[in-house]
Amino acid sequence: MPAAAPADRKPRSGPQRAMQKLGLVRDIDLALHLPLRYEDETRLVAIADTRDGDVAQIEGRVTDSRVEQRARRQLLVRVDDGSDVLLLRFLHFYPSHQKTLAPGARVRVRGEVRGGFAGREMVHPAFRAVREDTPLATALTPVYPASAQLPQAYLRKAIGAALVRAPLDEVLPAGTLPPGLPSLREALDHLHHPRPQTRLATLEDRSHPAWQRLAFDELLAQQLSQLQAQRARAALHAPALAARAGGRHEALLGALPFALTRAQRHACGEIAADLARAQPMHRLLQGDVGSGKTVVAALAALIAIDAGWQCALMAPTEILAEQHFGKLVGWLEPLGVQVAWLTGSHKGKARKAMLASLADGSAQLVVGTHAVIQEGVAFHRLGLAIVDEQHRFGVEQRLALRRKLARQGDAALEPHLLMMSATPIPRTLAMTYYADLDVSTIDELPPGRTPVATRLFAETRRAAVIERIRDEVARGRQAYWVCPLIEASEALDLQNATEAHAELQAALPDAEVGLLHGRMAAAEKAAVMARFAAGQTALLVATTVIEVGVDVPNASLMVIEHAERFGLSQLHQLRGRVGRGAVASTCVLLYTAPLGAAAKSRLKAMLETQDGFEIARRDLEIRGPGEFMGARQSGDALLRFADLAQDNALLLQARSAAPTLLERHPDAAARHIERWLASRAEFMKA
């Protein structure tokens with residue numbers, strides 16, 4: 001059959017168009033399109049030997065075929081193989097079915113055997129006409145991911161042809177592969193056409209050496225790509241921003257009403273050392289909720305500003321950006337630093353004035369949302385960019401930031417980049433997707449932070465939860481009530497924030513109950529938050545816009561409605577909004593039964609630990625790396641064949657092999673990256 005249509009040629013047939021939609025354009029794409037499962041068509045089973053629930057292939061002669069009108073019209077076919085009779089039942093059928101399954105025809109049938117009133121039967125089995133000498137398959141039959149427009153038979157034929165044509169020659173030099181792994185061509189041949197003696201379990205759990213070869217190759221390509229990015233960045237030039245004695249960073253340390261923790265001081269030292277070098281810093285500052293990352297970022301900003309350069313801090317939401325802005329203005333303006341504020345809601349003259357202050361350098365620090373990287377924003381001398389909650393930006397946004405930074409400031413110099421995250425990165429992710437990053441970790445909380453008690457309540461105990469809020473408010477405390485949606489959804493049947501606000505206002509007539517959600521105007525959101533921060537609002541009903549950045553020490557109770565609908569890291573972030581003062585605090589997870597397995601795992605983790613690193617590890621297990629990193633926004637799967645949960649040994653071997661391959665065999669490394677990552681290489685570095 002013809003090869004898959006090239007990307008620049010319009011496919012002629014429906015199946016070809018369907019293949020192009022699945023990304024099956026090149027022969028190598030088809031070769032790497034692996035089966036979902038396999039069917040064993042290599043042997044026949046006597047009808048008399050089948051048991052209820054078996055998936056079996058039988059062969060016999062049709063003794064009876066008729067259409068009967070029962071509860072619904074059905075085609076009933078009886079097949080005799082000499083050992084017993086099997087009933088085939090079709091609720092949906094065509095004249096071609098009746099023609100192939102006519103009395104006297106010899107047929108081969110495959111399906112699940114069930115016990116019925118009329119004896120053994122199969123419902124909607126696969127079948128085909130055969131002769132007595134029709135040979136059996138010699139390999140397990142693959143079943144591929146496909147679509148309605150792409151029949152399995154067409155796809156099997158296309159993949160078979162592509163396997164012959166695809167460039168599957170070995171590009172890796174001898175000694176690169178872990179011992180016991182087959183060649184790439186052998187691995188793919190086996191995965192597409194496994195021998196009958198192959199244990200299906202080893203294919204399904206991906207422990208077979210053929211699967212291991214693909215996983216290793218993919219991990220090696222990723223490690224090579226990250227190493228290339230790291231070395232390319234090391235060849236770039238950045239302004240050397242050395243901290244000077246008596247600088248404003250020391251003045252800020254003296255003015256703060258608290259002392260830095262050991263972990264904060266260590267992180268500050270690592271960042272200062274990076275800034276002093278004439279190559280771009282590319283560092284992640286990670287720490288649990290409330291560990292004090294913002295003050296570390298402020299100290300880094302002051303080092304850059306004292307050296308005569310500008311700094312930009314970007315956050316994913318206006319509320320978080322505004323929280324940063326408020327803190328930084330309070331800390332830095334007394335030291336003579338002009339802090340600008342830029343979000344998408346800024347319009348007109350105010351926006352023009354803000355942009356002008358960035359362009360002429362009078363604004364030394366700008367805080368904002370993704371508006372900071374939009375067209376029309378130009379810096380005078382940008383020396384340091386800080387991105388908070390970087391995983392909440394999509395891959396496309398992170399790439400846009402890099403391109404933006406490359407075009408700003410001195411054409412010969414690239415700004416330093418500091419990323420921050422309150423979602424700690426599990427070790428396996430740090431070794432793969434973040435392998436080109438230097439990581440600083442704040443692994444202790446400031447003194448005075450109280451542990452948050454976590455309680456699980458069924459929706460049926462809603463009234464008791466509201467009573468607990470009433471008690472907290474009566475003691476002068478404040479509380480949050482978080483809802484997952486802004487508007488009602490018939491599909492999910494979730495209580496929306498507006499309804500919850502009305503309900504809680506009625507239940508607490510003597511308290512001020514505020515409402516906050518993402519569709520409110522920026523000024524309206526700011527006013528609501530200001531009243532809550534000032535203690536005027538006792539209860540804040542909100543969507544997840546308050547997930548990060550909100551810091552109200554008097555808030556002692558967090559209620560998360562429909563907690564089963566939230567991700568684990570999201571639940572942990574929300575819990576971090578309370579317990580920020582000295583008062584004992586509680587997080588109530590209000591759930592609606594029944595709970596699925598993933599929801600049970602998330603809620604169990606919340607009850608068992610408050611350690612953000614353990615939360616992150618479990619979140620990775622539940623969600624996988626794509627969602628964990630915000631990669632879904634890119635539309636690209638990050639790892640197709642390797643599994644970080646079970647391929648740790650292969651990952652370590654790939655990390656060990658990558659530097660040698662890049663140094664001694666750069667051409668082989670380039671060919672390997674092109675084969676496995678192609679257009680995804682840039683996304684892997686984002």
Side-chain angles (χ1 to χ4, degrees), residues 1 15 34-68 73-146 148 150-161 163 189-201 203-204:
M1 68 164 286
L34 297 182
L36 283 169
R37 56 187 174 84
Y38 301 89
E39 294 177 345
D40 188 357
E41 297 180 348
T42 64
R43 61 194 180 95
L44 296 172
V45 179
I47 295 173
D49 293 337
T50 61
R51 293 174 296 179
D52 193 24
D54 283 354
V55 175
Q57 179 173 245
I58 66 101
E59 184 175 311
R61 197 166 298 280
V62 177
T63 58
D64 186 45
S65 179
R66 68 182 68 188
V67 176
E68 293 189 4
R73 196 163 173 265
Q74 302 179 21
L75 172 63
L76 302 177
V77 179
R78 286 176 170 78
V79 177
D80 188 342
D81 72 345
S83 72
D84 205 342
V85 176
L86 178 71
L87 174 67
L88 313 182
R89 188 186 301 274
F90 298 89
L91 306 178
H92 308 286
F93 57 92
Y94 302 94
S96 59
H97 285 59
Q98 293 172 270
K99 183 177 179 181
T100 302
L101 297 169
R106 188 172 189 85
V107 291
R108 194 169 289 168
V109 181
R110 189 176 188 281
E112 182 180 342
V113 179
R114 299 180 182 177
F117 289 114
R120 296 177 179 86
E121 67 175 46
M122 289 182 184
V123 178
H124 283 284
F127 64 90
R128 64 188 179 104
V130 294
R131 298 190 303 271
E132 288 197 21
D133 59 351
T134 300
L136 290 165
T138 57
L140 299 177
T141 304
V143 179
Y144 293 101
L150 187 56
Q152 286 289 324
Y154 185 98
L155 188 52
R156 286 172 187 149
K157 192 173 180 182
I159 289 172
L163 280 170
D189 281 343
H190 191 90
L191 290 172
H192 285 292
H193 307 110
R195 310 296 174 262
Q197 63 270 24
T198 303
R199 289 182 56 231
L200 270 178
L203 297 177
E204 291 166 354

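Only heavy atoms go into these numbers, but all of them, side chains included; no hydrogens, no water, no symmetry mates. If you read the sequence from its start, that first residue is 1, and numbering goes on from there. Keep in mind that what you see is a predicted model, and the values were worked out from it rather than measured.
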S.K.: Compare all side-chain heavy atoms of Thr134 with those of Glu59 and state whether any distance is below 4.5 angstrom.
M.R.: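 Side chain of Thr134 against side chain of Glu59, heavy atoms only: no contact under 4.5 Å found.
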S.K.: Mark yes or no for whether Arg156, through its side chain, and Pro142, through its backbone, hold a donor-acceptor pair below 3.5 Å.
M.R.: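 Yes; at least one donor-acceptor contact below 3.5 Å.
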S.K.: If you take all heavy atoms of Leu140 and Thr42, which pair is closest and at what distance?
M.R.: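 That closest heavy-atom pairing would be N-CG2, 4.1 Å.
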S.K.: Minimum heavy-atom separation for Leu44 and Ile58, please, with both atom names.
M.R.: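 Closest pair (atom of Leu44, atom of Ile58, distance): CD2-C, 4.1 Å.
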S.K.: Would you indicate whether the side-chain heavy atoms of Met122 and Leu88 approach each other to under 4.5 Å?
M.R.: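 Leu88 vs Met122: side chains touch.
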S.K.: Nearest heavy-atom pair of Leu155 and Ala146: which atoms, and what distance?
M.R.: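 Where Leu155 meets Ala146 most closely, the heavy atoms are CD2-CB, 4.1 Å.
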S.K.: Measuring from atom CG of Leu75 to atom CZ of Arg66, what distance do you get when rounded to the nearest 0.5 angstrom?
M.R.: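 Answer rounded to 0.5 Å: 11.0 Å.
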S.K.: Between Arg114 and Glu121, is there a side-chain N and carboxylate O pair less than 4.0 Å apart?
M.R.: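 Looking at Arg114 and Glu121, the cut-off is not met.
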S.K.: What is the distance from atom CD of Gln74 to atom NE2 of His92, rounded to the nearest 0.5 Å?
M.R.: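 Reported to 0.5 Å precision, the distance equals 10.0 Å.
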S.K.: Is a donor on one side and an acceptor on the other found under 3.5 Å between the side chain of Arg43 and the backbone of Leu136?
M.R.: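 No; judged by distance alone, with no hydrogens or angles, the pair does not exist.
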S.K.: Looking only at atom types and distance, does a side-chain atom of Arg120 sit under 3.5 Å from a main-chain N or O of Thr50, one as donor and one as acceptor?
M.R.: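 Answer holds: yes.
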S.K.: Going through the checks in order, is the side-chain contact (heavy atoms from CB on, under 4.5 Å) test met by His192 and Tyr144?
M.R.: CA-CA 9 Å; His192 285 292; Tyr144 293 101; 2.7 Å; yes
S.K.: How many angstroms lie between CG in Asp64 and CG in Asp80, if you round to the nearest 0.5 Å?
M.R.: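 The CG atom of Asp64 sits 11.5 Å away from the CG atom of Asp80.
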S.K.: Kindly compute the distance separating CG (Leu200) from CZ (Arg37), expressed to the nearest 0.5 Å.
M.R.: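 That separation rounds to 11.5 Å.
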S.K.: Do Val67 and Arg73 come within less than 4.5 Å of each other through their side chains, counting heavy atoms only?
M.R.: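 Of all side-chain heavy-atom pairs linking Arg73 with Val67, at least one is under 4.5 Å.
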S.K.: Considering all heavy atoms of both residues, which atom of Val45 and which atom of Asp81 are nearest to each other, and what is their separation?
M.R.: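 Scanning both residues completely, I find the closest heavy atoms to be O-OD2, 4.2 Å.
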S.K.: Check whether Tyr38 reaches the backbone of His193 with its side chain - one donor and one acceptor, N or O, closer than 3.5 Å.
M.R.: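 Not a single qualifying donor-acceptor pair exists.
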S.K.: I'd like to know if the side chain of Asp52 reaches the main chain of Gly115, judged simply by a donor and an acceptor atom lying under 3.5 Å from each other, with no hydrogens or angles considered.
M.R.: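 The answer is yes, because a donor-acceptor pair under 3.5 Å joins these two groups.
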S.K.: For a quick test of reading the model, state the closest non-hydrogen atom pair linking Thr63 to Pro103 and the distance between them.
M.R.: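 Minimum heavy-atom separation between Thr63 and Pro103: O-CB, 4.5 Å.
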S.K.: I'd like to know if the side chain of Arg89 and the backbone of Val123 have a donor-acceptor N/O pair within less than 3.5 Å.
M.R.: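 The answer is no, because no donor-acceptor pair under 3.5 Å joins these two groups.
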S.K.: Would you say that Val77 contacts Ser65 through its side chain, given a criterion of any heavy-atom pair below 4.5 Å between the two side chains?
M.R.: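 When only atoms from C-beta onward are counted, Ser65 and Val77 do touch, with a gap below 4.5 Å.
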S.K.: Treating Gln57 as the side-chain partner and Glu41 as the backbone partner, does any N or O pair qualify as donor plus acceptor under 3.5 Å?
M.R.: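 It does hold such a pair.
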S.K.: Kindly assign one of parallel, tilted or perpendicular to the pair His124 and Phe90, based on the angle between their ring planes and the thresholds 30° and 60°.
M.R.: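 Correct class here is perpendicular.
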S.K.: Would the number of heavy atoms belonging to other residues, nucleotides or ligands and lying under 6.0 Å from CZ of Arg195 be above 12?
M.R.: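 It does: Arg195 CZ has more than 12 such atoms within range.
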S.K.: Taking Asp84 for the side chain and Ile47 for the main chain, is one N or O donor matched with an acceptor at less than 3.5 Å?
M.R.: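 Judged by distance alone, no pair lies under 3.5 Å.
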S.K.: Which heavy-atom pair separates Ala48 from Ser83 by the least distance, and what is that distance?
M.R.: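 Residues Ala48 and Ser83, closest heavy atoms: N-OG, 3.1 Å.
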